[in-house]
Student: 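If you scroll down you'll find the structure; I have some questions about it.
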Amino acid sequence: TRSADAAGYSAPAVVAVSLPVGPPQPPDEFALSAVFSTGFGLQWRVPEDNGAQISGYLLSWASADSLVGGGSATTAGDVGTLAIGTDGTRIDLAVVGTPTCASLPPAALELPRGSSQAYTLSPLSTGASYALRLLTCNSQGASATAACVCADGACAAWADCALPAATAALVAHPHAA
């Protein structure tokens with residue numbers, strides 16, 4: 001049944017449509033921007049947030065020897081995970097163990113999709129090869145796949161690396177500036 005006003009018009013219907021909200025996409029264009037004697041400059045672009053503001057990123061790294069050769073990392077700095085805020089700075093979390101997306105605070109800065117992000121990972125062991133993995137976080141969780149940049153063969157150790165994984169000579173060079 002329709003109701004009409006005095007002029008014969010019915011009241012407009014109000015339809016509410018909500019878009020699904022989900023975990024974000026992995027970082028776009030994750031790559032090395034610089035190689036230093038004890039670390040790497042990294043860059044990426046803000047991905048699609050899938051309806052929930054990006055709260056930050058989880059960067060994991062491991063020496064290629066610890067991933068591919070079945071060996072173990074030689075120093076504590078050769079394997080790790082840290083949280084990076086949307087402003088490109090490390091987030092110091094009062095969390096015991098490996099940080100997760102759920103442990104990130106809400107973002108203080110919202111950047112539009114495609115904005116450039118950067119971080120310098122240091123200190124690492126000079127002369128070691130590395131695999132780097134970056135996940136995007138929002139209130140719904142982590143991206144289903146990760147953006148990865150790895151020394152030859154090392155990305156295979158992480159099942160969630162988006163394929164094809166970028167490969168590079170990820171070696172911290174003793175004479176690089």
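Here the structure is a predicted model, which means the values were calculated and not measured.
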Student: Quick one: closest heavy-atom pair of Thr136 and Pro24, and the distance?
Tutor: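 What the structure gives for the nearest pair is O-CG, 3.4 Å.
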
Student: In sequence, state the C-alpha distance, the side-chain angles, and the governing distance for Gln25 and Ser143, and then conclude on side chain to side chain contact (heavy atoms under 4.5 Å, CB included).
Tutor: CA-CA 5 Å; Gln25 295 298 309; Ser143 50; 5.8 Å; no

Student: What are the two closest non-hydrogen atoms of Pro47 and Pro26, and how far apart are they?
Tutor: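 Here Pro47 and Pro26 meet closest at CB-O, 3.0 Å.
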
Student: Within the 4.5 Å heavy-atom criterion, are Ile91 and Pro105 side-chain neighbours or not?
Tutor: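 Ile91 reaches Pro105 side chain to side chain.
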
Student: Less than 4.5 Å apart, any side-chain heavy atom of Leu132 and any of Leu32?
Tutor: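 Leu132 vs Leu32: side chains touch.
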
Student: State, to 0.1 Å, how close Gln140 and Gly22 come at their nearest heavy-atom pair, and which atoms those are.
Tutor: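 So the minimum-distance heavy-atom pair works out to CB-C, 3.5 Å.
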
Student: I'd like to know whether Cys101 forms a side chain to side chain contact (heavy atoms under 4.5 Å, CB included) with Leu58, so could you lay out the CA-CA distance, the side-chain angles of the two residues, the decisive distance to 0.1 Å, and finally the verdict.
Tutor: CA-CA 7 Å; Cys101 288; Leu58 296 178; 4.0 Å; yes

Student: What I'd like to find out is whether the side chain of Leu59 reaches to under 4.5 Å of the side chain of Leu42, using heavy atoms alone.
Tutor: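 SC-SC contact between Leu59 and Leu42 confirmed.
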
Student: Counting only pairs under 3.5 Å, give me each side-chain donor-acceptor contact of residues 108-122, with atom names and distances, residues two or more places apart or in other chains.
Tutor:
{"unit_1": "Ser115", "atom_1": "OG", "unit_2": "Pro112", "atom_2": "O", "d": "2.8"}
{"unit_1": "Gln117", "atom_1": "NE2", "unit_2": "Thr86", "atom_2": "O", "d": "3.0"}
{"unit_1": "Ser122", "atom_1": "OG", "unit_2": "Thr38", "atom_2": "O", "d": "3.3"}
{"unit_1": "Ser122", "atom_1": "OG", "unit_2": "Thr38", "atom_2": "OG1", "d": "3.4"}

Student: Rounded at 0.5 Å granularity, tell me how far OG in Ser63 sits from CG in Leu124.
Tutor: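 Separation between the atoms: 9.5 Å.
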
Student: Should Leu82 and Trp61 be marked as a side chain to side chain contact (heavy atoms under 4.5 Å, CB included) after you check the CA-CA gap, both sets of side-chain angles, and the distance that decides it?
Tutor: CA-CA 9 Å; Leu82 61 83; Trp61 68 94; 3.6 Å; yes

Student: Using every non-hydrogen atom in the two residues, find where Ala52 and Val21 come nearest and quote the distance to one decimal.
Tutor: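 Smallest heavy-atom distance, with atoms named: CB-CG1, 3.7 Å.
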
Student: In terms of hydrophobic clusters joined by side-chain contacts under 4.5 Å, are Tyr130 and Ile84 together?
Tutor: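 In one cluster with Tyr130: Ile84, yes.
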
Student: Quick check: is Trp44 connected to Phe40 through a chain of hydrophobic side chains (ILVMFWY, heavy atoms under 4.5 Å apart)?
Tutor: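 Phe40 and Trp44: one cluster.
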
Student: Is any side-chain heavy atom of Pro27 closer than 4.5 Å to one of Tyr57?
Tutor: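 Answer yes - side chains close enough.
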
Student: Under the side chain to side chain contact (heavy atoms under 4.5 Å, CB included) rule, what do Val46 and Ile54 come out as? Steps first, then yes or no, please.
Tutor: CA-CA 9 Å; Val46 174; Ile54 291 172; 3.7 Å; yes

Student: For Glu29, what residues pass the side chain to side chain donor-acceptor pair (under 3.5 Å) criterion, not counting sequence neighbours?
Tutor: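 By the side chain to side chain donor-acceptor pair (under 3.5 Å) rule, Glu29 matches Arg45.
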
Student: Just by modelled atom types, is the Asp49 backbone N or O under 3.5 Å from a matching donor or acceptor in the Asn138 side chain?
Tutor: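 Such a contact is found between Asn138 side chain and Asp49 backbone.
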
